[in-house]
Amino acid sequence: MTEKPRILVTRRWPDAVERVLAERFEASFNTSDVAMDANALSGALRSFDAVLPTVSDRLPASLFDGGDLRTRILGNFGVGYNHIDIAAAGHCGITVTNTPGVLTDCTADIAMSLLLSIARRTGEGEREVRAVQWTGWRPTHMIGTKVTGKTLGIIGFGRIGKAMAKRCHFGFDMDVVFYNRSKIDPAEAARYGARQLETVEDVLAAADFVSLHCPGGGENRHLINAQRLAVMRPDAYLINTARGDVVEETALIEALETGVIRGAGLDVFEAEPSVPERLRALENVVLLPHLGSATEETRTAMGMKVVENITAFFEGREPPDRVG
C-alpha cells in the first residue's frame, strides 16, 4: 500500500476541512493554534511532503537555504501569498498554490462594513455606549458623513474590487472610479457602475472613500505613502482590506493625526498582529483583526480549495490554483 503524503497544517482550520485532510493524508495539526516561528517552519520544510501555511506564517528565502528539503508543495490558505518567497520556493522545486475566488464576497462585505463604520462613526458610538458615557440624543452629537451618492475610488479592480464596486454603486448610488495596472474593458467596468482612471493619483484626488484591493508585496509595498495621502481630499477616508504593507503605516498615522485625511478603516496591518499604539489611540479609525474572510462558509471553502490543490498535486495533476 502506498504511503500517504505527510502534511503539516500550521494553524487550526475549520473542523470539516481538518477531517478531510486527516482522511486523505498523514496529517499533523497545530493544536495549540500558536503561530510557528522560523525554526519550526524550517524544520517543517525538511520533515513534511506538504506544508499548508497561512498569512501568519513568514516563509522568506532564508528558510529555503541549506537544502535537504522534503516539502514539495505549499498549499497556502488565502489568496495573498506575499508572505512566501515564491522565487526561493520555485528554485527549490516547491509548488505554491492559493485560494482565489471563494473569499470575494465576504472580503467585500468587510470593506463595506469598514466604509459605513468609519463614515457614520459607529465604532466611536459603540465605545461611548459601552462606557456609559452617552448622555442622550442631541442634534450635534457624533456627526458623521453621508455615504449614499458619494464617490468611491478603488485601487485594484480584480474580483474583490469589482464586488466592492457593485455594493457601493447599486446599493448606495455611489459614483465609482478605479485604478488598475492593466486596462479594463469599459463595458466590463460599466457592469459595476465604474470607470477607469489613468493613475493612482487621479483616483485619490477624485474619491470621498478610497478602498484598496490590490496584492501586497513587491511594487505595491507602501503604494499608499505620505505623498499619495496628501493627494486625497481632507474629508476623505481610506479603507484597507488588502494587505497591511500596501500602506505606509507611519505616514497614515501622521495623516490621521494632522487631518490630512478624515479617517480610515483597516482590517490589515504592516506587522500583524502588532498594531501601533498611536494608531490604536485614534478615534478616527476603525480597526479590525483581519476579518475579511472570517465566515464559516468562506473559511471552509478556502480550506477545501487547499485540499483540492494538494490532492491534485499528489495525484500527479496540475493544481488548479498554482501561483508558483
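Worth knowing before you read on, the calculation uses all heavy atoms, side chains too, and leaves out hydrogens, waters and symmetry mates. FYI, the numbering just counts along the sequence from 1.
When atom types are taken as modelled, the side chain of Asn220 and the backbone of Gly217 share no donor-acceptor pair closer than 3.5 angstrom. A donor-acceptor pair is defined here as one N or O able to donate and one able to accept, closer than 3.5 Å; no such pair exists between the side chain of Gln196 and the backbone of Phe178. In this structure, Thr10 contributes its side chain and Leu52 its backbone to a donor-acceptor pair below 3.5 Å. Using modelled atom types, no side-chain atom of Glu124 and backbone atom of Val285 make a donor-acceptor pair closer than 3.5 Å. Within the 3.5 Å criterion, the main-chain N or O of Asp109 finds no donor-acceptor partner in the side chain of Ser113. Under the 3.5 Å distance criterion, the side-chain polar atoms of Asp267 are matched with a main-chain donor or acceptor of Leu291. The backbone N or O of Leu256 sits less than 3.5 Å from a side-chain atom of Asn284, completing a donor-acceptor pair. A donor-acceptor contact shorter than 3.5 Å links the side chain of Arg121 to the backbone of Ile143. Using a distance-only test at 3.5 Å, with no hydrogens or angles considered, no donor-acceptor pair links the side chain of Asp85 to the main chain of Pro60.
Using modelled atom types and a 3.5 Å distance limit, the side chains of Ser56 and Arg11 yield a donor-acceptor pair. Between the side chains of Thr31 and Asp33, not a single donor N or O lies within less than 3.5 Å of an accepting N or O. If you check the side chains of Thr145 and Arg262, you find a donor sitting under 3.5 Å from an acceptor. In the model, Thr122 has a side-chain atom that pairs as donor or acceptor with a side-chain atom of Ser117 under 3.5 Å. Counted by atom type alone, Ser28 and Arg6 present zero donor-acceptor pairs between their side chains at under 3.5 Å.
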- Report the C-alpha separation of Thr107 and Asp105 in whole Å, then their side-chain angles, then the decisive distance to 0.1 Å, and conclude whether the side chain to side chain donor-acceptor pair (under 3.5 Å) test is met. CA-CA 6 Å; Thr107 304; Asp105 284 327; over 6 Å; no
- Query: Can you check side chain to side chain contact (heavy atoms under 4.5 Å, CB included) on Lys183 and Asn180, steps first, answer last?
  - Reply: CA-CA 7 Å; Lys183 184 68 176 176; Asn180 196 67; over 6 Å; no
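The 12-atom threshold is not exceeded at CZ of Arg181, counting heavy atoms of other residues, nucleotides or ligands nearer than 6.0 Å. The neighbour count for Arg138 CZ, taken as heavy atoms of other residues, nucleotides or ligands under 6.0 Å away, is above 12. The number of heavy-atom neighbours closer than 6.0 Å to CD of Glu277, taken from other residues, nucleotides and ligands shown, is 12 or below. Summarising the local packing, NE2 of His91 is surrounded by 12 or fewer heavy atoms from other residues, nucleotides or ligands at distances under 6.0 Å.
Side chains of Thr250 and Ile253 form no contact here, defined as non-hydrogen atoms less than 4.5 Å apart. Looking only at side-chain heavy atoms (C-beta outward), Leu266 and Leu252 come within less than 4.5 Å of each other. For the pair Ile73/Thr97, a side-chain contact is recorded, criterion being any heavy-atom separation below 4.5 Å from C-beta on. You'll find the side chain of Phe157 stays beyond 4.5 Å of the side chain of Tyr179, heavy atoms only. Residues Ile310 and Leu21 form a side-chain contact, since some pair of their non-hydrogen atoms from C-beta on lies under 4.5 Å apart. The shortest distance between side-chain heavy atoms of Leu45 and Leu74 falls below 4.5 Å. In this structure the side chain of His213 reaches within 4.5 angstrom of the side chain of Met164, judged on heavy atoms. Side-chain contact between Phe29 and Leu8: absent, with no pair of heavy atoms (C-beta onward) separated by less than 4.5 Å.
Of all the heavy atoms in Gly216 and Val246, the pair that sits closest is CA-CG2, 3.9 Å. Taking all atoms of both residues into account, the shortest heavy-atom contact from Ser293 to Cys106 is CA-CB, 4.4 Å.
Using a 4.5 Å cut-off between side-chain heavy atoms of Ile, Leu, Val, Met, Phe, Trp and Tyr, with links allowed through other members, Val286 and Leu229 fall into different hydrophobic clusters. In the hydrophobic clustering of ILVMFWY residues, with side-chain heavy atoms under 4.5 Å counting as a link, Leu41 and Ile94 come out together. Note on Ile110 and Phe172: same hydrophobic cluster, where clusters join Ile, Leu, Val, Met, Phe, Trp and Tyr whose side-chain heavy atoms are under 4.5 Å apart, directly or indirectly. Linking ILVMFWY side-chain heavy atoms closer than 4.5 Å, directly or via other members, places Met304 and Phe313 in a single hydrophobic cluster. A continuous path of Ile, Leu, Val, Met, Phe, Trp and Tyr side chains, each step under 4.5 Å between heavy atoms, connects Leu223 with Met232, placing both in one hydrophobic cluster.
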Atom pairs and distances, side-chain donor-acceptor, residues 187-194, under 3.5 Å, sequence neighbours left out:
{"residue": "Glu188", "atom": "OE1", "partner": "Arg191", "partner atom": "NH1", "Å": "3.1"}
{"residue": "Glu188", "atom": "OE2", "partner": "Lys162", "partner atom": "NZ", "Å": "3.1"}

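Every residue was checked against the side chain to side chain donor-acceptor pair (under 3.5 Å) condition with Asn39, not counting sequence neighbours, and none meets it. With sequence neighbours excluded, the residues satisfying side chain to side chain donor-acceptor pair (under 3.5 Å) with Thr298 are Thr295. Every salt bridge (Lys or Arg N to Asp or Glu O under 4.0 Å) that Arg322 has, sequence neighbours left out, goes to Glu318. For Asp37, the salt bridge (Lys or Arg N to Asp or Glu O under 4.0 Å) criterion is met by no residue, not counting sequence neighbours. Here Ser274 pairs with nothing under the side chain to side chain donor-acceptor pair (under 3.5 Å) rule; sequence neighbours left out.
Screening residues 143-155 for salt bridge (charged side-chain N to carboxylate O under 4.0 Å, His left out) gives no qualifying pairs among residues at least two apart or on separate chains. Residue pairs meeting the salt bridge (charged side-chain N to carboxylate O under 4.0 Å, His left out) criterion with at least one partner in residues 280-305, sequence neighbours excluded, are Arg127-Glu283, Lys305-Asp321. Sorted by first and then second residue, the ring pair (Phe, Tyr, Trp, His ring centres under 6.0 Å) pairs with a member in residues 228-253 read Phe209-Tyr237; sequence neighbours excluded. Applying the salt bridge (charged side-chain N to carboxylate O under 4.0 Å, His left out) test to pairs two or more places apart or on separate chains, those with a residue in residues 240-258 are Glu257-Arg278. The ring pair (Phe, Tyr, Trp, His ring centres under 6.0 Å) analysis of residues 51-86, with sequence neighbours excluded, yields the pairs Trp13-Phe77. Within the structure, salt bridge (charged side-chain N to carboxylate O under 4.0 Å, His left out) contacts touching residues 58-73 (residues at least two apart or in different chains) are Asp49-Arg70.
Ion pairing between a basic and an acidic side chain is recognised when a charged N comes within 4.0 Å of a carboxylate O; Glu23 and Arg19 show no such pairing.
One finds the OG1 atom of Thr99 at 4.0 Å from the CE atom of Met302 (value rounded to the nearest 0.5 Å). In this structure, CD on Glu272 lies 5.5 Å from NE2 on His290, to the nearest 0.5 angstrom. For the atom pair CG of Asp175 and CG of Leu152, the computed distance is 9.0 Å after rounding to the nearest 0.5 Å. One distance of note links CG of Leu212 with CD1 of Ile155; it measures 6.5 Å at 0.5 Å rounding. Atom-to-atom distance recorded for Ile118:CD1 and Leu114:CG is 8.5 Å, nearest 0.5 angstrom. Between the CZ atom in Arg167 and the CG atom in Leu115 there is a gap of 12.5 Å [rounded to 0.5 Å].
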